Protein chains: 2
Amino acid sequence: MTRRTGRRPGKPGTREALLDAARTAFAERGFDAASIRAIAGTAEVDPALVHHYFGSKDQLFLAAMNFPVDPGQLVPKVLAGDRDAVGERLVRTFLGIWDSPVGGAAQALLRSAVSNEWTARLLREFVTTQVLRRVLENLDVDPAELPLRGSLVATQMIGLAMMRHVVRLEPVASADPETLVAMIGPTIQRYLTGPLPS
Amino acid sequence: MTRRTGRRPGKPGTREALLDAARTAFAERGFDAASIRAIAGTAEVDPALVHHYFGSKDQLFLAAMNFPVDPGQLVPKVLAGDRDAVGERLVRTFLGIWDSPVGGAAQALLRSAVSNEWTARLLREFVTTQVLRRVLENLDVDPAELPLRGSLVATQMIGLAMMRHVVRLEPVASADPETLVAMIGPTIQRYLTGPLPS
DNA sequence: GTCTATATGGTGATAGAC
DNA sequence: GTCTATCACCATATAGAC
């Protein structure tokens, strides 16, 4: 018997439902292929409301990507502990993010970055300025080596995400996280603190 | 003064021009986003001819992907030499393929695999049955470890290709190949012949 | 605030004239 | 063999009725 005396300006959950549906759709199909109609459909909302709430498809994407993961909070956790195991901790944290609900947004970003230039730019800038820069500037490596080390780490991390969550190549796709940590951790460690060739 | 007495059944180069344009378009935009109209446009050919020659967009893609790279010929080159440097040789050969004209096809396959399920399957089967299987069965490793080692190699290789040729993250995107060989070779080597955790 | 209807344009595929 | 014209469909975005 919910008596509704005051006015109810639309269901309050529609905006969140829209964001949820958008995250899933972008994750599964990428930016271009995910359609506003389909997103509104799974959210059981009229497609026109998307424009009413977010203005455009681009802004819907940005709103959906604005996920609750704070690199500034995560990075210290990775750096805590001995320096020789930072690689393993980075892989473990990385896998944790992808296997969590937030992973949908990450998958959306990765999938979209392949077919869409401005989302690729988004991914590039997020990786470099938000993650790698933060990690590396706390590891007292030569600043001149920072970009190369960072992008090497990115090749392995993005490749791992691609194979595990996008292309789904077995057995990596369903491997135990700790197996991957044990195998890939040393790789990251060497890229971060190992010797460089030049 | 070309005298044309016999009949000329259309320009003979149209089919090749079409394949070339298709390879570039698929490489730049992926399977879904590359349009038959645009491909025919850059090839300066009528869009309807695509269907006349190839029947469908799928078959055009397959024809464009049928590139002149023979894993059965390349793999022995990778395996020749001492076992401890097979990782470096694999990275070097891999980079060579991507920087060659054939790289366009590889890029098309990778880009398409992200947004399209059946091209992803194509990539998966090509990687596993044509490349990794061949490499590993000549390295006398435990056959039970073969899938895990193979897919770990794939994570690093595909990630390298993604960052260098798709997302174009610097400085990996324009790094000297031998720098990448020196840094990533040992990673591949460890995945192939190093110890496993389990 | 919500949603129907539509404007505008791009897609793969096909039928049939030359 | 080649290409014009068209079909049927889907997209984003917007104007305006309720």
Side-chain angles (χ1 to χ4, degrees), chain A residues 2 4-19 21-65 108 111-112 115-119, chain B residues 2 4-19 21-65 108 111-112 115-119:
Chain A
T2 63
R4 43 200 184 87
T5 90
R7 81 185 166 97
R8 294 290 297 282
K11 276 213 285 288
T14 44
R15 201 193 139 94
E16 303 309 319
L18 229 24
L19 283 177
R23 227 154 358 227
T24 336
F26 286 135
E28 283 174 354
R29 314 183 42 82
F31 181 82
D32 292 335
S35 79
I36 289 189
R37 288 163 134 83
I39 291 170
T42 70
E44 293 175 334
V45 162
D46 191 277
L49 286 193
V50 173
H51 291 96
H52 178 256
Y53 279 128
F54 301 98
S56 77
K57 192 184 180 182
D58 290 12
Q59 287 174 322
L60 170 62
F61 183 79
L62 285 179
M65 288 309 95
R111 264 211 157 89
S112 301
S115 59
N116 198 278
E117 188 48 41
W118 77 267
T119 54
Chain B
T2 62
R4 41 200 186 87
T5 89
R7 79 186 169 96
R8 291 291 297 281
K11 276 212 286 286
T14 45
R15 201 193 139 94
E16 304 308 320
L18 229 25
L19 283 177
R23 224 151 6 222
T24 333
F26 286 135
E28 283 173 355
R29 313 183 43 82
F31 181 83
D32 292 336
S35 78
I36 290 190
R37 287 164 137 84
I39 291 171
T42 69
E44 294 176 331
V45 161
D46 192 277
L49 286 193
V50 173
H51 290 96
H52 177 257
Y53 280 127
F54 303 98
S56 78
K57 193 184 180 182
D58 290 12
Q59 287 175 321
L60 170 63
F61 183 80
L62 285 179
M65 286 310 95
R111 263 209 159 90
S112 301
S115 59
N116 196 279
E117 187 50 41
W118 78 266
T119 54

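Being a predicted model, the structure only gives us computed values, none of them experimental. Naming convention: chains lettered A, B, ... in sequence-line order (proteins, then strands); numbering from 1 in each chain.
Take the nearest nucleotide of DNA chain D for B:Val45 and for A:Pro47: the residue whose nucleotide is more 5' is B:Val45.
Atom P of nucleotide C:dA17 and atom CG of B:Asp46 are separated by 17 Å, given to the nearest angstrom. Nucleotide C:dC3 holds its C1' atom 12 Å from the NE2 atom of A:His52, rounded to whole Å. For A:Ile39 and D:dC10, the CD1 to P distance is 17 Å, given to the nearest whole Å. Summarising the geometry, the separation between CG on A:Leu49 and P on D:dT14 is reported as 15 Å, rounded to the nearest angstrom.
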Review point. Given the rule in the side-chain contact (heavy atoms from CB on, under 4.5 Å) test, do A:Ile36 and A:His51 qualify, once you have shown the distances and angles that lead to the verdict?
Key: CA-CA 9 Å; A:Ile36 289 189; A:His51 291 96; 3.7 Å; yes
Practice item. Give the intermediate values and the outcome of side-chain contact (heavy atoms from CB on, under 4.5 Å) for residues A:Trp118 and A:Asn116. Key: CA-CA 6 Å; A:Trp118 77 267; A:Asn116 198 278; 2.8 Å; yes
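The phosphate of C:dT2 (OP1 or OP2) has a side-chain N or O of A:Tyr53 nearer than 4.0 angstrom.
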N/O-N/O pairs, protein side and nucleotides 9-13 of chain C side, under 3.5 Å:
from	atom 1	to	atom 2	distance (Å)
C:dT11	OP1	B:Ser35	OG	3.4
C:dG12	OP1	B:Ile36	N	3.1
C:dG12	OP1	B:Lys57	NZ	3.2
C:dG12	OP2	B:Ile36	N	3.1
C:dG12	N7	B:Arg37	NH1	2.9
C:dA13	OP2	B:His51	NE2	2.8
C:dA13	OP2	B:Lys57	N	3.2
C:dA13	O5'	B:His51	NE2	3.4

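In this structure A:Ala33 satisfies the side-chain contact (heavy atoms from CB on, under 4.5 Å) test together with A:Arg29, sequence neighbours excluded. Considering only residues two or more places apart in sequence or on other chains, A:Thr42 meets the side-chain contact (heavy atoms from CB on, under 4.5 Å) condition with A:Ala21. Under the rule for a side-chain contact (heavy atoms from CB on, under 4.5 Å), the partners of A:Ala40 that lie at least two apart in sequence or sit in another chain are A:Pro47, A:Val50.
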Which side-chain N or O atoms in residues 55-63 of chain A pair as donor and acceptor under 3.5 Å with protein atoms at least two apart or in another chain?
from	atom 1	to	atom 2	distance (Å)
A:Ser56	OG	A:Asp58	N	3.3
A:Ser56	OG	A:Gln59	N	3.3
A:Lys57	NZ	A:Phe31	O	2.9
A:Lys57	NZ	A:Asp32	O	3.4
A:Lys57	NZ	A:Ala34	O	2.8

